[in-house]
Structure formats: structure tokens, C-alpha cells
There are 2 protein chains.
Amino acid sequence: MAKQKTAIVPTREENYPEWYQQVVRAADLAENSDVRGCMVIKPWGYALWENMQAVLDAEFKRTGHKNAYFPLFIPKSFLEKEAEHVEGFAKECAVVTHHRLEDDGAGGLKPAGELEEPLIVRPTSETIIGAAFARWIESYRDLPLLINQWANVVRWELRTRLFLRTAEFLWQEGHTAHATAGEAQEETALIHDVYADFAEDVMAMPVMKGEKTAGERFPGAVQTFTIEAMMQDRKALQAGTSHFLGQNFAKAQDIMYLSDEGQREHCWTTSWGVSTRLIGGLIMTHADDDGLVIPPRLAPAHVVILPITFKAEDPDAVIAYCEQVAEDLRRQAYAGRPIVVELDKRDIRGGDKTWQWVKKGAPLRLEIGQRDIAEDSVFMARRDQSPKEKQGVKRELFINNVASTLQQIQDGLLEKARAFRAEHTRVVNAKDKFYKFFTPPGNGNAANDNADGAAPIHGGFALSHWNGDEAIADRVQMDLGVTIRCIPLEGELERCGFADAAGEGKCIFTGEPSKTRVVWAKAY
Amino acid sequence: MAKQKTAIVPTREENYPEWYQQVVRAADLAENSDVRGCMVIKPWGYALWENMQAVLDAEFKRTGHKNAYFPLFIPKSFLEKEAEHVEGFAKECAVVTHHRLEDDGAGGLKPAGELEEPLIVRPTSETIIGAAFARWIESYRDLPLLINQWANVVRWELRTRLFLRTAEFLWQEGHTAHATAGEAQEETALIHDVYADFAEDVMAMPVMKGEKTAGERFPGAVQTFTIEAMMQDRKALQAGTSHFLGQNFAKAQDIMYLSDEGQREHCWTTSWGVSTRLIGGLIMTHADDDGLVIPPRLAPAHVVILPITFKAEDPDAVIAYCEQVAEDLRRQAYAGRPIVVELDKRDIRGGDKTWQWVKKGAPLRLEIGQRDIAEDSVFMARRDQSPKEKQGVKRELFINNVASTLQQIQDGLLEKARAFRAEHTRVVNAKDKFYKFFTPPGNGNAANDNADGAAPIHGGFALSHWNGDEAIADRVQMDLGVTIRCIPLEGELERCGFADAAGEGKCIFTGEPSKTRVVWAKAY
């Protein structure tokens, strides 16, 4: 059988990491810049981020948060206040030491005007925002204080990959202060849910909600909650985190309030964030060997119209018809947004044009020529189907049904991703099977057959009991490069379709009792 | 007569710079941070910025621009490519020299991991975006390339003032590339108009559109166009600039395209920006001695409802009535936004609450108590009127008319600001009168009487002929601290109501012929 031609070379099967880079390039989402580790987010990629921002921002506001903006720079002494926190970020931060350039005597410029105290470009803003909270909060009447910031942050990563891990990235960081531990924990849970709902309903990316183990917590947090998604290479992506900080930062920074009984008390704080990394997750959840596939809720353009004027008797009539279709579509709405239509009149080869939009992942594509006009129809292709599956649809019918067609695509993408995760998730009850699951076939290792009745696979999510000993987790990481992604919240295994994994059991490494299975996987 | 009590102390008259700081504080817009020169933008201030962004962003998109995002850091060598440009920014830039912190042996941390090439925190992005343009543009088909970025930038200012001049600020920067000089100039003019319309229609801040003289141009630009507004201390504020960069940056960075005749040509580029400085302009245009006054188009809340439950027989009924009014108002819209209502149920003294909202500048304030319910009315105060002028209005009438009331306020603010500018602008035809105009009365200088029939004033905008000699402008700046704000565009003096200043004449310093008067003023 002849090899199927794909728009992206190599395919996922052939070389997954390279496939990812090629999708980012082919969809014109982003590129590496001249600054090591920093990316340029191109218009089509940035539009995805804007659409993510719009939905999340509305949700943050609906739940009582207000946006504000805090300095890019953090004095070194601030970072040093919380011991675990500085430990976590000192090794990878950009340090500003001078405030001007002057003639170096050799035709160039050198840094001058050394600062008394170096400034750190924020890797996250707990400390600088905490300092503001300490000023702002006087009494219980000022609580809860619910603040969010949309900003750029910098972490000097050595191995970077577009969207997934870059030295500079864009994110939102929420920071809140509360009078009681309980209220802060409720906030942490609220945002955890906001993130999970966003991932599933808007990104069509199924996630598991859980708590991080101590070894994987945010530096300085008491508890970190995460949403973990499975990518198409079966690795996990941590897609958003919500941290209960206890009184750690409040004590380090004197964030205090006067209670209604007149006592000075430390606040309880939280922080939480999602970043442009979500775009990497979107790509690796939905893209295929022909390029990006965008869930309609996030599409910068819902419908792309390609007029076929080549050889048409009356090219102007084709354009006019397309413009009318575009106009009619724009009067329709999907998920609270007017339908966004891109009418691509560029003078380039039709085939090139078609494939550009396939690779960019627009949900619906219309190719409209003379014959379609005669039939008062449009020739439609759905990005969630093969590029070759196209169908003529009556114009009016297409327009009237466009919102439901988009919702079908949205639902289908989520369903498909859920099926993929189900297919590559296994309940594993023995250490040897666990090791086998995470060892590629070959070199004496057969494909894994641990799951009752399921086809043998290797890699993915393993749901196994564990006794809570970090040393075991470290050992597994060393042996297999596999980590505990999360301890699923109560009811979460059932919600995700893994009811058979719920309940108590015994640690597969020690035989000790365990309250719940945890999720193990290789991860980004 | 007893001194009028004002919410802001000192008043504008008493100490204008201090009044400004107090308004920023009283309206809870922003504050200085722990990082020298960097501000914290608080929620009410940030909401103003968000509303500005929403209107501008829609306008940029409507005119064909797309958003993207470029690195925060600029390699030193990039900045050095355009000679005037680096000259303009080298003296005030934040320089990153290290990429981690390590133990300093004394219990603290010191910068470590020195970078091979220092990185500059972007003061503006012509060079880093130009490098991307050079990669992206191949042929004339790729032009025009119309890109905008919303970002933070850093200029190490020594004397800072909240919003007006800060080391870090937020802005948008547009960057475009074109095939011809003419197209680039059209773009520059288009954006110049977008800015002017935004200032007047949305901010209610009248501006004069003009070109900067060579001495006031953006470093590296061929032409800089500006909008200049008059603040209440009669100083000018440069509120937005649009630069025609010619081929300066294209040549420095090899931004080239293949023409349809197959020739490799340099592009023509533009850049343009407005920043959080606009918030400073908004304050100094509209705020009064009782605090901020927000034009309704930008108000984070159009209507504030204060329930008067103190001593009410049935406090719950008062709250319920207020909630119904709020709900009904939210179904109305003004200028494309649903009416935003803030129902302030906080348990604090009514008088304090009222004055907080006066100081924050919400356009409409409703105080609703038991008596108002009985009369099916609301007790209304407009922020553009004295805090003491309140009136009972039938509930339904208020709700149905809320959009037109807001537009009245919007129009009134613009009209008032125009009248203020007219009152403090003078056609000046002689050097001695010019010097007198800009010298405060006292020390032998009487208030200026140069204008025919107008009341004597000093300071403001002087419209005078000038021969184009920069040396004269330098001299005036040295003597009076006054600069040429702009050379008004053709027809602009007429549009701004200064038709008597239009036309040719003679330089007031040399008697040489001059084509148009220029605008002189002290400036921020």
C-alpha cells in the first residue's frame, strides 16, 4: 500500500517532537526569536491566546476578581523573603544589574549605572504582589482581596520548546487573600474548577483534577492543585495550577488584617495561573498529520471562504456571492461570539490556499465556485474530517446550521480526546506490570498486557496505588522518567470514566495500604 | 467668605502637582511600588486602561491590523543597529546581565551566570520586531504587514510621576511595513486620526494634530506626528505619536521585499503608540477639586447605587428595590457596552461611601432610600455637576434615559475641555508678548494682555509663526522651558476653533516668512 501523503512531515508516528515543531510552523503560530528561549507569537497564535483570555477573563470577573498590574521587576531582597520560593526560582531568573549603556571605547556600548540592588525579572509575582497586599489590607472588611494580573514572566529555561517551555511566556496570575484557611481553600478549589471547565468546555481538552504530591508542589505552597491532560504522545501536560499558600507568604511579608474581634491576624493566601503553554496543549490534543485542528470555541476564524474564480466566466459574481455568504454568516453567532469569517481573496493557487487553511486548523472551509452559485449551495469541508471529505450543502441550510455544526465539531473533538485518554490509561496493580507499561516494546520488552481484556499498549496514564513515600516516587522517576501527575480529587476518577480505579487498595511498590490511586505518567 | 471645602487637598489652584498625586490616590488608581519608578496599577485604574484597550484594539483590528507578541528582551547589538535610535534610548534602559542567583557566601544571593551579550529590556520594539519583519517579508504579496503589540516597556526615567512618566509602563506599539513611501505615510496618517478620534470621542480630551519638529522627533524617525492636549495647568501633554520611519530601520535591518518587477527593495516602515500615560491625561483634563471625573465612555461603572438602609423601616426592601434598578439598568446599553452598575452594599458610613464614589469619578450616582421607593423614584447626582446638586427622578424615566444622560455628560466634558483650551490659547504676534505670555505675573511681569479683547492670562498654548530654525526653539526652551508641541496639520487650527491663527505670516523671532503658526507650550 502506498504511503498516505500528509501535510505535516514527519507524522506524529514518525517523530512526535519534530511533528509538533512543524505544526507550529505550518499553522503560523509562533517562531523562535533572536533572543535565546524567547518566542515570537505570530498573529494566528496570538489570536488563540486572545480568545483564551477573553473567556477566562470573563470567568474571573464573574467570580468577583479584579484585574490590576504590578511591576515587572522584583527586588532581590523580596524574592529572598520566602525560603522555598527563592530556592525554586533563583536558578533560572533574568537579573537586571545596570540601568544604562555607555561607550565602551571600542565603538560599542557596555552596561553602566550599576544598581544598588539587583532586580529580578518576575518569574511569578507572589512577593511583589504580597508587598502590595500588606499595604492594602487593614481589616477584615478588606477581605477577601481577589486580584488577577495578565502579564509576561521570565524563567531562564535551558531547554525550550515553543509554547511548552519558553524563557518568556504570557500568563495570568491570580493572587488572593482571605481571613480564614477555609475561605482560601474554597478559592483554590473554585479556580481549580474554572480551569478544568475551561480546558474541557472551551479547549475540548479533557483533564484530570488532582492535588500535587509534596515533591511537585509550587515552591512555597502548602497545597498545589493541578489539571493534567494527556497529549497524543501519551505524555501528561500540567495545564493549570491553583495553589493554597497557607500563611507562608503572609508571614514572610506581614500580610495581616485586624479581625472583627480586634486581633491582628495573618491572612491566608492563594495564587493560580495558566499560560501560553495552553496553546501547546491545544496543539498536542487536537492537531493531526495535516496540521492544527482548532476547537470552534477558540477559533480566530470559524469559517474560511475560498472563492474559486480561476476559469470562472464571471469572477466578480463568484466574489459577490462569497461576500454575501460571509455577511449572512456574520449575523449568526456561536457560543456568544458572532461567527468570524475569513474571506480569502488572495491571488495564489487554490490548492496552496486550501492546504494553508487546513494546516491552520480553521473549523469550517467553504470552497465556492460558479457551479455552487448555480445550485445556490456551498461546498463545505470540516477540519475534523479528512481533507478529502467535502460536501455540497444548500447555502441557506449551511448558514442557518452553522452554530450547531460548530458545536458538533467542538463536542466531537472533546469526545475523541476523551476516547484517546481512555484508550491509553490503565489500572495497574503490580510493580512489574507498572515498569513494563512504561518501557517501550523491543529489547526484550513485549507490549504491555496488564489490563484485563484491553489491547496491549505501553505508555500513557497508569492508575496505581502508592503509599505516599516520596523516595519511591523519586526512584520511579530515576528508573523510568515517570512522575506522579496528581492525586485525583474525590470522585474525579469516576468523573473521568475510570470508576474501576476508584477506592482503596495497596501500594504496588510496598503492599502498604493506600486510600486512592494516583496518576503516573511521563510529562512535559 | 468661608473657604469652600473640597474632597481633594490641596486644590488645583493651590498646588497642581500635589493635587494630581492626591487625585490618583483618592480615586484609588495607582501607587508607587517598592521598585523605583515602577507603579502598581490598582483595579480602578486598570479598568480604565482595559476600557481604553477595548476601544483602541477594536479600531486597530477594524483597520486591518493584527496583534502579535515579541520578546521582552532586545540583544544589545540589535539596539546598536540604528544609530539615532540607540542614542535615544541607551541612557535610560534596564540591562539584564545574568541569568541566575547564587549563594554569596554571606547568607544572601548574588547574580551569577553572566550572559555573553547583555539584553536590554525593551524601551520600544522597532529593532526586535524589525528582525521578525525581515524574516517574514519575502515579496510584495506580504505587504502591507500591519502588526500591533500590547506590552510593557521600560525606560529608566529618573524623575517619575504616576501614569505620566514611569520606569515601566503599559502601551500598544504598532509596527507596519509597506512597499512605498506613500503607503507608509498614509498608514501614519490613518493612525494619527485613530488616536485623535479616540482622544476626543472617547476620552473627551480635545487634541491638536500636528507634526513634531526635528528636535522632538522619535529617535530614528523621518517624521513624527503627535496629538497634543492641554491639561488644566495649561501645560501640554503629548498623548500619542505616529512615526513615519522611512527606510531607516528597513536599511539597518534588511527589511526587504521582492517587487512585482522582480527587484529587491527596502520596505518603508511606521511605528505608533499610546500608553498608560493617557490615564494621566484623562485625570488632568477632567478631574476637579473633588477628585476624578470619568468620561462615561471609559467608566468602569456608569452608575453607582448607594442604598440608604440606615434607619429604614425595612432595609431589605430598600436593597431589593436597588437590585431591581440595577438589573433594569444592566439591560440598557451605552456606546456599545451594557450599562455597568456597581451596587455598593458595604457596611460603612453613607457619607464616606458617597465621597469615595465622588472621588473615584463614577458618572452617575444614585442614593436610594425608603422615601424614594415610596415615590417610585431615585435620587440622582451627576459627577459633572456639584456634589450638592442632586435631584429626584422617576425610576422608569431615569432607566429609560440613562444612555442619553451619559452621552450628555460625555459631550459636556468635551465641550468644557474645549472651552478651557480656547480660553488659554493665544495668537501671539511678537516676541516680547510671547515671553510675557510664558512668564508668571509678579516680579515686574503683569498678566499678559496680548490678545485683542481677551482677558489677560499667562501660560497655555501660544500660536506663533516661527522660521523653522531649531536654534531658536532651543533658546526658547532654555529661557522659558517652553517647546514647540507641534506644527499643526493643514486645516487643524480651523478644526480646533483657531481659524484666526491660520495662514502664512512672519516668524516672531526673526521676521522671516513662515507658512504656518506652530503651537508652543510648557509640556509634560
Side-chain angles (χ1 to χ4, degrees), chain A residues 31 33-35 38-43 45-47 49-50 66-80 86 90-102 108-113 118-121 128 131-132 135-136 141 147 151-152 154 156 168 170 346-348, chain B residues 31 33-35 38-43 45-47 49-50 66-80 86 90-102 108-113 118-121 128 131-132 135-136 141 147 151-152 154 156 168 170 346-348:
Chain A
E31 64 186 20
S33 77
D34 303 275
V35 183
C38 293
M39 65 181 158
V40 174
I41 307 180
K42 301 180 80 172
Y46 196 79
W49 181 238
E50 287 182 307
K66 289 182 191 284
N67 287 335
Y69 188 77
F70 299 85
L72 171 66
F73 300 126
I74 299 180
K76 183 170 70 70
S77 57
F78 275 48
L79 213 58
E80 287 167 343
V86 67
K91 287 174 201 120
E92 45 174 45
C93 59
V95 189
V96 176
T97 54
H98 295 74
H99 67 79
R100 61 188 162 83
L101 294 171
E102 67 179 24
L109 294 166
K110 63 175 185 192
L119 296 173
I120 313 307
V121 180
I128 190 86
R135 288 193 299 272
W136 297 355
R141 291 176 205 267
I147 296 293
N152 53 344
V154 172
W156 209 266
E168 182 192 16
L170 304 182
R346 285 174 306 157
D347 179 24
I348 58 172
Chain B
E31 64 185 20
S33 76
D34 303 275
V35 183
C38 292
M39 66 181 158
V40 174
I41 308 181
K42 300 180 82 173
Y46 196 79
W49 181 238
E50 287 182 306
K66 288 182 192 285
N67 287 335
Y69 188 78
F70 299 85
L72 171 66
F73 300 126
I74 299 179
K76 182 171 72 69
S77 57
F78 274 49
L79 213 58
E80 287 168 344
V86 67
K91 287 175 201 117
E92 46 174 45
C93 58
V95 189
V96 176
T97 55
H98 295 74
H99 67 79
R100 59 188 163 86
L101 295 171
E102 67 179 24
L109 295 165
K110 63 175 184 191
L119 296 172
I120 313 307
V121 180
I128 191 85
R135 289 192 299 271
W136 297 355
R141 291 177 206 267
I147 297 291
N152 52 344
V154 172
W156 209 265
E168 181 192 16
L170 303 182
R346 285 176 305 158
D347 178 25
I348 58 172

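Numbers restart at 1 for each chain; the letters A, B, ... are given by sequence-line order, proteins then strands.
- At least one donor-acceptor pair closer than 3.5 Å links the side chain of Arg141(B) to the backbone N or O of Asp347(A).
- With a 4.5 angstrom heavy-atom cutoff, Trp136(B) touches chain A only via side-chain atoms.
- Contact annotation: the side chain of Leu101(B) approaches that of Cys93(A) to within less than 4.5 Å [non-hydrogen atoms, C-beta and beyond].
- When each of Gly45(A), Ala151(A), Ala68(A) is checked for heavy-atom pairs under 4.5 Å with chain B, Ala68(A) comes out on top.
- Note on Arg100(A), Lys66(A), His98(A), His99(A): by heavy-atom pairs under 4.5 Å with chain B, the leading option is His99(A).
- Contact of Glu102(B) with chain A is not made at all, since no heavy-atom distance falls under 4.5 Å.
- Taking the six-membered ring where the residue is Trp, Phe73(B) and Trp156(A) present tilted rings, their angle falling between 30° and 60°.
- In this structure, chain A has a heavy atom under 4.5 Å from the side chain of Lys76(B), while its backbone stays farther away.
- Most heavy-atom pairs under 4.5 Å with chain B: of the set Ala112(A), Ala47(A), Pro71(A), this distinction falls to Pro71(A).
- In terms of non-hydrogen atom pairs under 4.5 Å with chain A, the most contact-rich of Ile147(B), Asn67(B), Ile120(B), Val35(B) is Asn67(B).
- Contacts with chain B were tallied for Ser33(A), Cys38(A), Pro43(A); Pro43(A) has the most, counting heavy-atom pairs under 4.5 Å.
- At distances below 3.5 Å, at least one donor-acceptor pair connects side-chain atoms of Glu80(B) with backbone N or O atoms of Leu109(A).
- The choice from Lys91(A), Met39(A), Glu50(A), Glu92(A) that makes the most heavy-atom pairs within less than 4.5 Å of chain B is Glu50(A).
- Between the CZ atom of Phe70(B) and the NZ atom of Lys42(A) there is a distance of 9.0 Å, given to the nearest 0.5 Å.
- Pairing each heavy atom of Pro75(A) with each of Asp34(B), the nearest pair is CG-O, 4.4 Å.
- Looking at Pro118(B), only its side chain comes within 4.5 Å of chain A, counting heavy atoms on both sides.
- When side chains are defined from C-beta on, Leu72(B) counts as touching Val121(A), because their heavy atoms get closer than 4.5 Å.
- Ranked by heavy-atom pairs under 4.5 Å with chain B, the first of Pro111(A), Gly113(A), Gly108(A), Ala90(A) is Ala90(A).
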